[in-house]
Protein chains: 2
Amino acid sequence: MNTRHIPDATVGRLPVYLRVLLELAASGNATVSSEQLAELSGVNAAKVRKDLSHLGSYGTRGVGYDVDYLRYEISAALGLADDAAIVIVGLGNLGRALANHAGFRERGFKVAAVYDVDPAKVGTSMDGVPVRHLDDLGASDSPVASIGLIAVPADSAQEVANRMVAAGITAILNFAPVVLTVPDGVAVRKVDLTLELQVLNFYQQRHRGGSPVVTESA
Amino acid sequence: MNTRHIPDATVGRLPVYLRVLLELAASGNATVSSEQLAELSGVNAAKVRKDLSHLGSYGTRGVGYDVDYLRYEISAALGLADDAAIVIVGLGNLGRALANHAGFRERGFKVAAVYDVDPAKVGTSMDGVPVRHLDDLGASDSPVASIGLIAVPADSAQEVANRMVAAGITAILNFAPVVLTVPDGVAVRKVDLTLELQVLNFYQQRHRGGSPVVTESA
DNA sequence: TAGATTGTTAATCGATTAACAATC
DNA sequence: TAGATTGTTAATCGATTAACAATC
């Protein structure tokens, strides 16, 4: 039973299950057991069953889960019904890569607009989407989107976030290495590439048998 | 007391503290309280103190933490002593952005080599680093690195991971939307851009007062 | 000393997982 | 029916946080 509250940890895994289910469907599998889904998703089978139970999604005992039905359920839970529009601010190396990222469109996300402040970039187009000036974000003739990607330098990220919020964006994916402050009701996630490398560096040195460095006093 | 085991959650926050401390140092702050560090890092003050206690790093009661000393301690704990070398495989939109990412070098990570299989790319250079053929990964005249970044399509990511492991790489940052299998002792982290958007989409719809979609049976 | 702030305790909370009754 | 596999329970584990004694 359930459906009320979906734990954060579960929400973070649903997209993984969804991707695996798409692959299973593509290769002609009609049903999948929690054991198989777990193996393909890199998690524990009990965790898969627990996660899915939060959706109120039930499989069939002795059989498993219907691949297509589960796909539908997870998509619905994530709210992936229609194409969600995203906007990207900042067209440096990373912003350009994001604007041209094929994976977004393939999974139902559409780049509705891209913004920068560089006069040399404004007026050109990225993958068919015209580059607008940041000042146009939220302008009446500007595309409406619910998700904004911040790919500007750290020192202007908060200002961009403020403008996004003012423009009605309620979810932000921040690539700038800075902590953003936003009003309640605005969801923020971050992708911090340097942080990832630093964390990897930690686990890597550990596995090498090296001690965690800082020596203890006592 | 401590230093033995550093919890995963703490490891993930140390880079954030480090970044904030660098900013504090740059703006001339000699000491910082857990309250200030927490505020700037977007976390709870008790969590900051608990995290730092795992390093065996002690501040001064009534005063706070010495900014420079804490920077040193966190860097040491993360093993960020000398420049760590990274290699990047895959020079599509994302791979090129990573190869040119200024943030890596600024934080002590050096792009030692980049690889692709496209003959049109092999032999050119990215930001001063020559583009090699993937077959050269692990070759005797190839730069040695401990961290590898995978920026190839999903269907070749596992093969690239295998080659990285064979070449002695012990930490992998995977940008391909696929679950990698690697031997024990190899650390893997992933950056899944589409997953981030899907998770944001979930929290965004929730905050709009919309119900979590899938209706309950009972 | 008085004020400030740490390091640690202990309570709480959320996530994970093995185990198994339910049931297809 | 026998075999398979779910959904759920309950135990365990790890992370968070408030509270406060220790102490600068």
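Computed over heavy atoms, backbone and side chain alike; hydrogens, waters and symmetry mates excluded. Letters A, B, ... mirror the listed sequences (proteins, then strands); counts begin at 1.
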- prompt: Between the side-chain atoms of B:Arg61 and the base atoms of C:dT6, is any donor-acceptor pair under 3.5 Å?
  reply: yes
- line: pair_partner(D:dC20), Watson-Crick or wobble, both distances < 3.5 Å, evaluates to C:dG7
- prompt: Which nucleotide, in any strand shown, forms a Watson-Crick or G-U wobble pair with C:dT12, with both distances under 3.5 Å?
  reply: D:dA15
Between [atom2] of [N] and [atom1] of [X], the distance in whole Å:
X       : N      : atom1 : atom2 : answer
B:Ile6  : D:dG14 : CD1   : P     : 15 Å
B:Arg13 : D:dT17 : CZ    : C1'   : 11 Å
A:Glu35 : D:dT6  : CD    : C1'   : 12 Å
A:Asp51 : C:dA15 : CG    : C1'   : 10 Å
B:Leu52 : C:dT6  : CG    : P     : 9 Å
A:Asp8  : D:dA15 : CG    : P     : 15 Å
B:Leu37 : C:dT5  : CG    : P     : 14 Å
A:Glu39 : D:dT5  : CD    : C1'   : 17 Å

- line: Note: for A:Val63 and A:Lys50 on DNA chain C, the residue whose nearest nucleotide lies more 5' is A:Lys50
field: Residue mapping more 5' on DNA chain C - nearest nucleotide basis, A:Ala9 or A:Asn44
entry: A:Ala9
Looking only at side-chain N and O atoms, does [Y] offer a donor or acceptor that is under 3.5 Å from a partner on [X]?
X        : Y        : answer
B:Arg49  : B:Ser34  : yes
A:Asn162 : A:Gln158 : yes
A:Tyr72  : A:Asp66  : no
B:Thr170 : A:Tyr203 : no

Under 4.0 Å between a side-chain N or O of [X] and OP1 or OP2 of [N]?
X       : N     : value
B:Tyr58 : C:dT8 : yes
B:Arg49 : C:dT9 : no
B:Tyr65 : C:dG7 : yes
B:Ser34 : C:dT6 : yes

query: If you check the A:Lys47 side chain, which of D:dA18, C:dT16, D:dT8 turns out closest?
result: C:dT16
Per A:Ser53 side chain, nearest of listed nucleotides D:dA15, C:dA15, D:dT8: D:dT8
query: Looking for any heavy atom pair under 4.0 Å, which part of the strands does A:Ala46 touch: base, sugar-phosphate only, or nothing?
result: base
task: Count the heavy atoms of every other residue, nucleotide or ligand shown that sit under 6.0 Å from CD of A:Gln36, and state whether that count exceeds 12.
output: yes
